[in-house]
Asks: 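Structure incoming, see below.
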Amino acid sequence: MIESCDPHVRYTQDGSVFVLQMHRPEKKNALTQTMYRALAEGVRYADANETVNVILIRGTNDCFTSGNDVNDFVAATDRGTERPSVQYMKAISHARKPLVAAVNGLAVGIGTTMLLHCDLVYAAEDSWLHLPFTRLGLCPEAGSSYLTPALMGHQRAAELLLLGERFTAAKAREYGMINEVLPTGNVLAHAMQKARDLAALPSEAVQTSKHLLKRAQQGVIDETISLELVNFARLLHSPDAQAIMQAFLNRKRG
Ligand code: COA
């Protein structure tokens, strides 16, 4: 087992299920660049390691993640394709092994868009999701501008990505983003059981089947991620986006 490069991302292994945990509860598991690096390294390690058959992604007991750390958006330094956040998007979109997600509490921004790359998603009945990009002066990322309309149709995708209102796990299930909504407290155990069930199946058959399911979309997802990044970087420097981020960071001091 490799060591995580960031204490806010934890690696554990349960049989042949590799568990990747976002653990920064004091900041609602907001993701910094080193956390993304640890997440990307974890996915790549698990994908290549022959003792692992399934990767499970989780947050803490009451929060999946509040998304990208807003301080990082304000700093707006290098937005190149080698950034750890981009590496993480690529790692999950290219993973050969199945990804299972257990969602408790809130899943904001990449907390929701990463679910579009997972194969099985389980969420608590009181959890909520949010794609707030336009409200932040930004545009979709992680391939979500392609994956959401492909999954649920244009009008539903526009509702989530243009209006940018938070939505319940029940709505996410209705729109096809989530497999099952579960009583709070049961989510992790249920997701873990499904991960174990999947891990017990012949791994070559599961991985080949996953490849076949995703094959037609892979090229367009890569292309979409690249195009989104160019637009995201441009919008991030806009006065609108910078003012909204600063207002969030200053809200309690003001
Ligand atoms: N980036 C940086 N810090 C964040 C954060 C984020 N994405 N999300 C939460 N935090 C911090 C808060 O600033 C606060 O820090 P403080 O205690 O030092 O003031 C702490 O985490 C707890 O968050 P708080 O806002 O008090 O919790 P809440 O339950 O009232 O609200 C959210 C939770 C997620 C609704 C709210 O924090 C939020 O809107 N966060 C920003 C989400 C966002 O825009 N993400 C980017 C998506 S692209």
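The shown structure was predicted, so the numbers you read here are calculated from the model rather than taken from an experiment. In each ligand, atom 1 is the first atom listed, and ligand 1 is the first ligand listed. Start at 1 with the first residue, then count along the sequence.
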Asks: Do other residues, nucleotides or ligands put more than 12 heavy atoms under 6.0 Å from Asn231 CG?
Replies: yes
Asks: Counting heavy atoms only, which of Lys28, Arg24, Arg251 is nearest atom 29 (O) of ligand 1?
Replies: Lys28
Asks: Could you name the option among Phe232, Trp128, Phe248 that has the heavy atom nearest to atom 4 (C) of ligand 1?
Replies: Phe248
Asks: Can Lys171 and Glu165 be counted as an ion pair, charged N to O under 4.0 angstrom?
Replies: no
Asks: For the residue pair Tyr88 and Tyr36, does the interplanar ring angle fall in the parallel (under 30°), tilted (30 to 60°) or perpendicular (over 60°) class?
Replies: tilted
Asks: Report the part of Leu136 in contact with ligand 1, treating N, CA, C, O as backbone and CB onward as side chain, heavy atoms under 4.0 Å; options are side chain, backbone, both, neither.
Replies: side chain
Asks: What about Lys27: any of its N or O atoms under 3.5 Å from an N or O on ligand 1?
Replies: yes
Asks: Does at least one non-hydrogen atom of Met245 fall below 4.0 angstrom from an atom of ligand 1?
Replies: no
Asks: Are Asp240 and Ser238 linked by a side-chain donor-acceptor pair shorter than 3.5 Å?
Replies: no
Asks: Considering both backbone and side-chain atoms of Ser66, is one of its nitrogen or oxygen atoms within less than 3.5 Å of a nitrogen or oxygen in ligand 1?
Replies: yes
Asks: Number the atoms of ligand 1 from 1 as they appear, then name those within less than 4.0 Å of a heavy atom of Phe133, with their elements.
Replies: 48 (S)
Asks: Under 4.0 Å, heavy-atom basis, I'd like to know which part of Asp69 is in contact with ligand 1: side chain, backbone, both or neither.
Replies: both
Asks: Regarding ligand 1, does Asn71 bring an N or O atom to under 3.5 Å of one of the ligand's N or O atoms?
Replies: no
Asks: Using a strict threshold of under 4.0 Å (side-chain N to carboxylate O), is an ion pair present between Asp69 and Arg24?
Replies: yes
Asks: Side chain or backbone, does Val70 bring an N or O within less than 3.5 Å of an N or O on ligand 1?
Replies: yes
Asks: Drop me the distance from Thr34's OG1 to His8's NE2, to the nearest 0.5 angstrom.
Replies: 8.5 Å
Asks: Check the orientation of Tyr45 and Phe18. Use parallel for under 30°, tilted for 30 to 60°, and perpendicular for over 60°.
Replies: tilted
